[in-house]
Amino acid sequence: MQHFQKRILITGGAGFLGSHLCDRLVEEDHDVLCLDNFFTGSKRNISHLLGKPNFELMRHDLVQPIFIEADEIYNLACPASPIHYQYNPVKTVKTSVMGSINMLGLAKRVKAKILQASTSEIYGNPAVHPQKEDYWGNVNTIGLRSCYDEGKRCAETLFFDYHRQNRVNIRVVRIFNTYGPRMHPNDGRVVSNFIVQSLNNQKITVYGDGSQSRSFCYVDDMVEGMIRMMNGPDDLIGPVNLGNPDEFSILELAERIIELTGSKSGIIFKPLPQDDPLQRKPDISLARKKLDWEPTIKLEDGLKRTIEYFKGIV
Ligand code: NAD
Ligand code: UDP
């Protein structure tokens with residue numbers, strides 16, 4: 001029988017980030033179990049892994065408990081784009097809260113290490129800039145984004161309570177906007193929207209006046225950061241910010257994408273969605289110091305790779 005390194009469970013493994021994580025961990029010879037309900041993920045994202053002896057795919061909804069063996073769990077299951085997480089907001093909360101309880105219970109039972117894919121949305125519309133891990137955030141509890149933001153905040157609470165109460169070996173990373181190939185073309189996120197619109201020579205939809213800022217991290221850098229966090233010291237449980245500190249306005253992003261695609265698209269301004277954060281930029285000094293991690297791929301290079309991917313599917 002073949003022997004693999006570790007048994008690793010990835011929830012949400014058929015999604016954008018999860019599928020890249022599957023690629024890396026399969027490549028590193030781990031025994032990878034990808035669990036997904038295919039709400040926003042797709043078999044297409046992991047179909048190239050299906051024949052491999054160290055890859056397994058299971059359709060399962062994380063809101064239901066599951067009993068399996070694992071050494072490590074990466075908990076990524078949760079729709080991440082506003083269009084998708086607002087489609088069934090109650091389900092979004094259930095996935096974050098009940099899904100975390102189910103995975104933490106599993107980690108406790110089989111003594112697995114477990115990493116939570118938390119988010120910069122923990123900081124809400126931040127009053128502190130750039131955002132450091134000790135900032136508690138400015139989040140609306142009753143708005144349209146709350147199902148995602150508060151679900152993720154409660155998940156962090158659960159992770160820390162299972163750690164204090166049951167000594168579960170946890171890791172929490174707060175992921176800032178990440179982009180790359182296999183983003184869902186209709187998920188309404190800014191990078192995928194702008195690229196698809198540019199390639200189709202449609203008008204680029206900038207919400208508000210486009211002065212709001214974001215910091216974009218290429219997916220390979222993010223996967224590297226997550227793996228380093230999982231393999232980091234047991235006393236570094238987080239939360240740790242992972243993201244690219246280079247900050248761009250949304251208007252700048254639109255102009256870059258138009259330039260890189262050579263598109264004839266113009267820009268059309270639309271209303272800013274409710275509770276849309278005006279600025280966002282991670283302070284990654286903790287990740288730099290403790291994980292020796294920082295993004296290496298420049299926005300322009302990452303965008304070129306992402307544009308190539310979308311050319312193949314648009
Ligand atoms: P995604 O939507 O592509 O992936 C989420 C995956 O979870 C999908 O495959 C989906 O089918 C699956 N899923 C959703 N609900 C489920 C359930 N109840 N049971 C089982 N599977 C379920 O999104 P992504 O961008 O890959 O995000 C992955 C994780 O990273 C999410 O938890 C998200 O909150 C977090 N994150 C992502 C970003 C980003 O910029 N991409 C930023 C911050 C945090
Ligand atoms: N945005 C935009 N046009 C679009 C999609 C998004 O101007 O077609 C803006 C959106 O209002 C936000 C930013 O781009 O200010 C990032 O949006 P996204 O949904 O990608 O991520 P998040 O708001 O979760 O950071």
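Not measured: the values here are computed from a predicted model. Reckoned from all heavy atoms, side chains included, excluding hydrogens, waters and symmetry mates. Indexing begins at 1, ligand by ligand and atom by atom, following the structure's order.
Every atom of ligand 2 is numbered from 1 in the order shown, and the set under 4.0 Å from a heavy atom of N177 is 21 (O), 22 (P), 25 (O). For ligand 2, the atoms lying closer than 4.0 Å to a non-hydrogen atom of E121 are 24 (O). Residue-ligand proximity, N193 to ligand 2, at heavy-atom distances under 4.0 Å covers atoms 4 (C), 5 (C), 8 (O). Under a 4.0 Å criterion applied to the non-hydrogen atoms of L62, ligand 1 contributes the atoms 17 (C), 18 (N), 19 (N), 20 (C). Listed by number with element, the atoms of ligand 1 under 4.0 angstrom from any heavy atom of N177 are 40 (O). Ligand-side atoms of ligand 1 in range of G41: 8 (C), 9 (O), 10 (C), 11 (O), range being under 4.0 angstrom from any heavy atom. Taking a cut-off of under 4.0 Å to the non-hydrogen atoms of H60, the atoms of ligand 1 that pass are 19 (N), 20 (C). If you number the atoms of ligand 1 from 1 as listed, the ones under 4.0 Å from a heavy atom of G12 come out as 6 (C), 7 (O), 9 (O), 12 (C). Close contacts between ligand 1 and T178 involve ligand atoms 39 (C), 40 (O), 41 (N) [criterion: under 4.0 Å to a heavy atom]. Heavy-atom proximity to Y148, at under 4.0 Å, picks out these atoms of ligand 1: 33 (C), 34 (O), 36 (N), 44 (C). Distances below 4.0 Å separate heavy atoms of F38 from the following atoms of ligand 1: 11 (O). Numbered from 1 in the order shown, with element, the atoms of ligand 2 that lie under 4.0 Å from a heavy atom of V206 read 7 (O).
Counted within 6.0 Å of CZ on R44, heavy atoms from surrounding residues, nucleotides or ligands total 12 or fewer; the atom is thus considered open. More than 12 heavy atoms of other residues, nucleotides or ligands shown are found within 6.0 angstrom of CD on E252. Residue Y87 qualifies as open at atom OH: its count of foreign heavy atoms under 6.0 Å is 12 or below. By the neighbour-count criterion of 12 heavy atoms within 6.0 Å, atom CD of Q165 is sparsely surrounded, having that number or fewer from other residues, nucleotides or ligands.
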message: I'd like to know whether R174 forms a salt bridge (Lys or Arg N to Asp or Glu O under 4.0 Å) with E121, so could you lay out the CA-CA distance, the side-chain angles of the two residues, the decisive distance to 0.1 Å, and finally the verdict.
response: CA-CA 8 Å; R174 290 187 180 148; E121 295 288 328; over 6 Å; no
message: Using salt bridge (Lys or Arg N to Asp or Glu O under 4.0 Å), reason through E300 and K304 one step at a time and then give a plain yes or no.
response: CA-CA 6 Å; E300 185 164 325; K304 281 183 188 160; 3.6 Å; yes
message: Evaluate Q279 against S213 for side chain to side chain donor-acceptor pair (under 3.5 Å), listing each step before the verdict.
response: CA-CA 5 Å; Q279 50 183 6; S213 71; 5.4 Å; no
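The shortest non-hydrogen separation linking V191 to I257 is O-CD1, 4.3 Å. Between Q197 and I204, the closest heavy-atom pair is OE1-CA, 3.4 Å. The shortest heavy-atom contact between H20 and R182 is N-NH1, 3.7 Å.
When heavy-atom distances to ligand 2 are checked against a 4.0 Å cut-off, P273 comes that close only through its side chain, counted from C-beta outward. Residue Q212 touches ligand 2 through its side chain alone, judged by heavy-atom distances below 4.0 Å. Within the 4.0 Å heavy-atom criterion, neither part of V191 lies near ligand 2. Looking at K270 against ligand 2, nothing comes within 4.0 Å, counting heavy atoms. Contacts between M183 and ligand 2 below 4.0 angstrom, taking non-hydrogen atoms only, are absent altogether.
Looking only at heavy atoms of the protein, atom 11 (O) of ligand 2 is closest to D276 OD2, 2.7 Å. Nearest non-hydrogen protein atom to atom 2 (O) of ligand 1 is T40 OG1, 2.6 Å. In terms of protein heavy atoms, atom 25 (O) of ligand 2 is closest to R280 NH1, 2.6 Å. Ranking the protein heavy atoms by distance from atom 16 (C) of ligand 2 puts R214 NE, 3.6 Å first. What sits closest to atom 22 (C) of ligand 1 on the protein, heavy atoms only, is N37 OD1, 3.0 Å. In terms of protein heavy-atom proximity, atom 3 (O) of ligand 1 is closest to F16 N, 2.9 Å. From the protein, the heavy atom lying nearest to atom 13 (C) of ligand 2 is I250 CD1, 3.6 Å. Closest protein heavy atom to atom 38 (C) of ligand 1: I175 CG2, 3.9 Å. In terms of protein heavy atoms, atom 44 (C) of ligand 1 is closest to S118 O, 3.4 Å. For atom 3 (N) of ligand 2, the nearest non-hydrogen atom of the protein is T205 O, 2.6 Å. Among protein heavy atoms, the minimum distance from atom 30 (O) of ligand 1 is reached at L17 CD1, 3.6 Å. Looking only at heavy atoms of the protein, atom 17 (O) of ligand 2 is closest to V190 CB, 4.0 Å.
Heavy-atom separations between R189 and ligand 1 include at least one value shorter than 4.0 Å. Distances shorter than 4.0 angstrom do not occur between any heavy atom of H84 and any atom of ligand 1. Proximity of A14 to ligand 1 is established by a heavy-atom distance of less than 4.0 Å.
Of the listed residues (L49, N45, V219), just one forms a side chain to side chain contact (heavy atoms under 4.5 Å, CB included) with S19, and that residue is N45. Each of N75, N37, T95 was scored for a side chain to side chain donor-acceptor pair (under 3.5 Å) with T11, with one residue passing: N75.
Cation-pi geometry between K108 and Y162 is not met at under 6.0 angstrom from the ring centre and within 45 degrees of the axis.
Side-chain atoms of N169 and R167 form no donor-acceptor pair, as typed in the model, at a separation below 3.5 Å. D23 and H48 share a side-chain donor-acceptor pair at under 3.5 Å.
The closest heavy-atom contact to atom 7 (O) of ligand 2, among the options Y179, F194, Y207, Y85, comes from Y207.
Between H84 and F39, the ring planes are perpendicular. Angles over 60° get that label, and only those under 30° would be called parallel.
Considering backbone and side-chain atoms together, P82 places no N or O closer than 3.5 Å to any N or O of ligand 2. Ligand 2 has no nitrogen or oxygen under 3.5 angstrom from a nitrogen or oxygen of Q197.
Close placement of the Y218 and Y179 rings is indicated, their centers lying within 6.0 Å of each other.
In this structure, CZ in R153 is found 10.0 Å from OH in Y123, a value given to the nearest 0.5 Å.
Contact check for K281 versus F176: no side-chain heavy atoms found under the 4.5 Å cut-off.
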